[in-house]
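Notes follow once the structure below has been shown.
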Amino acid sequence: MQTSIWKNLIRFVFLILLQGMVLEHIDLPGNLHCIIYPIAILLLPMQTSAVLVLLCGFAVGLCVDLLCEIPGLNAAAATFMAFVRVIYFRTKTRRDTGFDNDLSGTPLPSQMGWGSFVSYTFLCVILFHIAYFLIDAFSFKNILYSLYLAVGSSLVCIVGVMLAVTVFKPKSNTR
């Protein structure tokens, strides 16, 4: 249990610093954003309580907001994504998602299967980016442009998540 807490804390700090100090200053073509810190919320252990997931989402978003000097945008979008994650794991059964006999450990392809992991990642990331860009625009006037940014930035984030999971290959059963 202690190992899981420390691994997640180190992951949170690393991703917050990476996002705030490096990725925030990278300009991608088409005005897309490289937002990678949602990995910290995606890879929380599956048995984490809903309240703790929501608090972690808010804390990660708030820390990125403080580093990037954006008041509340990341905190709101990350908390929304944490809420989506909670709902996802509450509505999916073990049979539907191909989980092992228990819901312990980190949600990884080795635990969930690649299909379930990709659908879980896609759902959480796309809804995070939609919330992020709609809150940023604070208007439905340019909704098509906001949706373009959300989809494009989501694809960048999903590629980052898949690369991180494939390259680093964390153990699937972190208790």
Please tell me if the side chains of Ile35 and Phe128 come closer than 4.5 Å, counting only heavy atoms from C-beta onward.
-> yes

Validation row: Val125, Leu42 side chains within 4.5 angstrom (heavy atoms) | yes

If Ile, Leu, Val, Met, Phe, Trp and Tyr residues are connected whenever their side-chain heavy atoms lie under 4.5 Å apart, and connections chain through other members, are Val22 and Ile70 in the same group?
-> yes

Where do Gly57 and Ala78 come nearest, in terms of heavy atoms and distance?
-> O-CB, 3.2 Å

State the CG-OH distance between Leu73 and Tyr132, to the nearest 0.5 angstrom.
-> 4.5 Å

Kindly work out whether a path of hydrophobic side-chain contacts (I/L/V/M/F/W/Y, heavy atoms less than 4.5 Å apart) joins Ile36 to Val13.
-> yes

Non-hydrogen atoms of Met81 and Pro38 that approach each other most closely | CE-O, 3.4 Å

Inter- and intrachain pairs under side-chain hydrogen bond (donor to acceptor under 3.5 Å, both in side chains), touching residues 51-63, at least two apart | none

For Leu43 and Pro107, work out which heavy atoms get closest and say how close.
-> CD2-O, 3.5 Å

Is any side-chain heavy atom of Leu44 less than 4.5 Å from a side-chain heavy atom of Cys56?
-> yes

Any idea which heavy atoms bring Pro45 and Arg85 closest together, and the distance?
-> O-NH2, 3.3 Å

Specify the closest pair of heavy atoms between Phe12 and Ala40, including all atoms of both residues, with the distance to one decimal.
-> CE1-O, 3.4 Å

For Phe138, which fellow cluster members are found when Ile, Leu, Val, Met, Phe, Trp and Tyr are connected by side-chain heavy-atom distances below 4.5 angstrom, either directly or through intermediates?
-> none

Treating Ile, Leu, Val, Met, Phe, Trp and Tyr as nodes and any side-chain heavy-atom pair under 4.5 angstrom as an edge, say whether Ile143 and Ile126 lie in one connected cluster.
-> yes

Please report, to 0.1 Å, the donor-acceptor pairs under 3.5 Å made by any side chain of residues 148-163, with sequence neighbours excluded.
unit_1: Tyr148; atom_1: OH; unit_2: Gly30; atom_2: O; d: 3.1
unit_1: Ser153; atom_1: OG; unit_2: His33; atom_2: N; d: 3.0
unit_1: Ser153; atom_1: OG; unit_2: His33; atom_2: O; d: 3.4
unit_1: Ser153; atom_1: OG; unit_2: Leu149; atom_2: O; d: 2.9
unit_1: Ser154; atom_1: OG; unit_2: His129; atom_2: ND1; d: 3.3
unit_1: Ser154; atom_1: OG; unit_2: Ala150; atom_2: O; d: 2.6

Please check if atom OH in Tyr145 has more than 12 non-hydrogen atoms from other residues, nucleotides or ligands closer than 6.0 Å.
-> yes

Do Val165 and Phe117 come close enough that some side-chain heavy atom pair is under 4.5 Å?
-> yes

Is the Phe89-Tyr120 ring centre distance short of 6.0 angstrom?
-> yes

With rounding to the nearest 0.5 Å, note down the distance linking CD in Gln111 to CE in Met46.
-> 4.0 Å

Out of curiosity, does Leu9 fall in the hydrophobic cluster containing Leu66 (side-chain heavy atoms, cut-off under 4.5 Å, transitive links)?
-> no

So ring-ring contact (aromatic ring centres under 6.0 Å, His included) across residues 49-69, not counting sequence neighbours, yields none

Are Ile87 and Leu55 connected in a single hydrophobic cluster, I mean Ile/Leu/Val/Met/Phe/Trp/Tyr linked by side-chain heavy atoms less than 4.5 Å apart?
-> no

With sequence neighbours excluded, tell me which residues meet side-chain contact (heavy atoms from CB on, under 4.5 Å) with Leu123.
-> Val84, Tyr88, Leu127

Kindly determine whether Leu17 and Leu67 satisfy side chain to side chain contact (heavy atoms under 4.5 Å, CB included), including the steps that lead there.
-> CA-CA 8 Å; Leu17 292 175; Leu67 279 175; 4.3 Å; yes

For the atom pair OG (Ser119) and CH2 (Trp114), what is the distance rounded to the nearest 0.5 Å?
-> 12.5 Å

Is there side-chain contact between Leu134 and Leu147, with heavy atoms separated by less than 4.5 Å?
-> no

Can you measure from CG (Leu62) to CD1 (Ile16) and round to the nearest 0.5 angstrom?
-> 9.0 Å

Applying side-chain hydrogen bond (donor to acceptor under 3.5 Å, both in side chains) to Tyr37 and not counting sequence neighbours gives Asn74

